[in-house]
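Below you'll find the structure, written out as structure tokens, and then a few comments.
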Amino acid sequence: MAVPSVKTARTWQSGLRNVAPGLSERELDAVEARFGFRFAPDHRVFLAAGLPTGPSWPDWRYGDPEQLRGRLAWPVEGTLFDVSHGYWFPLWGPEPEDAAERERVARAALASVPQLVPLYGHRYLPAAPFGPRHPVLSVYQTDIIEYGRDLADWLRVEFTGGPHHGVAVSTVPFWSNFVTDGPETAHLTPHDPTATTAAEAVEYLRMLALERLVGRQVDDGQLITAGLVADALGVDAPSLPHLAAPAGDEHPAQLFEQVLAELGLAESLPADDTDLPYERARWELVRWWLRLIVDGGLRASTGVGVITHGGWASLGHPESLRPLVELSPELLSRDASTRTDLARATVVEARRLLAGPWPPADGTPAS
């Protein structure tokens, strides 16, 4: 894609309130040298056309260097915060049990991921060589979404309330794993099981099977936990005790498949026979994720992200889910009280959706 001209970038900035003279080539080079990254081509042209000023805009000309370094470090530090609260990226290898070792391994892995550069608030663009016209990413710990098809689209969405134009395709390694078009096999649903009856435990096993069916990552620990829950609640399947406590030569994934077969769950999984890939399975998963939000097994803000990327986007952006998606914390303030209100509103909306017909009217899979 072509790099926009300075003249084009100035038209993008026409709706902004306070724009100082753009950074000169010498100033841009100095920023890159000082902080050790290169602006993406369109980001660089944007800043050359004019330097937006005011709250949330990084001041690359007069800003406090330590504050700017903090904003550059925000994506990695946010990911590490989630690591300390249970998140683990599967491609990092086996998850250490010791908290200090978890942080050490995660920090070492994150040292090599591409730099994200602050654009506005917690909106980011990847540094060069990614772009031009890369989607703007909204980054809040590991709740990461594409918040604009490209820089021009983001400005329109962020400052005029306009709709997104088209589908964004994020290509930046690691960070793209969290967003709509990233490889879904890297996604884990960070939840606690909420089953309290044998029937709910069987449903829990089925939901994990659905996650695997649509290509979402389910690790051995989640399979073993599901086995422990089902075994403790009296579910009857010969392989279940083995899944709950596998011996050294037993593989949880194989034991899980045996349990599914023994419970008749394998043949009951919905077929991939509609226009959208695994449409029926994804609607079942969305309903499960909503229940987890209501029951407290899935943090509200995280749940919105999971439903946005694992459901809403893959299901063709159904309008019935839009009110929930718009409660994403990336759309509002980082203020703690706001996040609390947002979490409550998310639970209310989840309950409303669960109380209605399923799938919702605009999401009924073709027969």
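A quick note: this is a predicted structure, and the numbers were derived from the prediction, not measured. Position 1 is the first residue of the sequence, and the numbers go up from there.
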Practice problem: Report yes if some heavy atom in the side chain of V117 is under 4.5 Å from a heavy atom in the side chain of H43; otherwise report no. | Solution: yes

Quiz item: Mind checking whether I224 and P246 have side chains closer than 4.5 Å, heavy atoms only?
Solution: yes

Quiz item: For S239, which residues count as a side chain to side chain donor-acceptor pair (under 3.5 Å) partner, sequence neighbours excluded?
Solution: Q258, E262

Quiz prompt | Side-chain heavy atoms of P118 within contact of W74, under 4.5 Å | solution = no

Quiz prompt | Intermediate values then yes/no, side-chain contact (heavy atoms from CB on, under 4.5 Å), F256 and L205 | solution = CA-CA 8 Å; F256 180 72; L205 291 165; 3.8 Å; yes

Quiz prompt | Which residues share a side chain to side chain contact (heavy atoms under 4.5 Å, CB included) with L68, sequence neighbours left out | solution = F35, P58, W60

Exercise. Can you sort out the partners of W358 under ring-ring contact (aromatic ring centres under 6.0 Å, His included), two or more places apart, ordered by chain and number?
Key: W283

Quiz prompt | Side-chain ion pair, D273 and R280, N-O less than 4.0 Å | solution = yes

Practice problem: Would you please indicate yes or no on a ring centroid separation below 6.0 angstrom for Y147 and W154? | Solution: no

Quiz item: Of all residues at least two apart in sequence or in a different chain, which pass the salt bridge (charged side-chain N to carboxylate O under 4.0 Å, His left out) check with E66?
Solution: R69

Quiz prompt | Pairs involving residues 199-243, ordered by first then second residue, that meet ring-ring contact (aromatic ring centres under 6.0 Å, His included) (sequence neighbours left out) | solution = H191-Y204

Quiz item: Charged N to carboxylate O under 4.0 angstrom, R352 versus E349?
Solution: yes

Quiz item: Are E25 and R44 ion-paired here, with the side-chain N under 4.0 Å from a carboxylate O?
Solution: yes

Quiz item: What do the steps show when you test D82 against T142 for side-chain hydrogen bond (donor to acceptor under 3.5 Å, both in side chains), and what is the final call?
Solution: CA-CA 7 Å; D82 277 6; T142 53; 2.4 Å; yes

Quiz prompt | Pairs involving residues 91-112, ordered by first then second residue, that meet ring-ring contact (aromatic ring centres under 6.0 Å, His included) (sequence neighbours left out) | solution = W88-W92, F89-W92

Quiz item: Could E77 and R107 be called an ion pair, given the rule that one side-chain N must be under 4.0 Å from one carboxylate O?
Solution: yes

Self-check item: Short N-O contact, E203 and R206, less than 4.0 angstrom
Solution: no

Self-check item: Exceeds 12 heavy-atom contacts within 6.0 angstrom, atom CD of E97
Solution: no

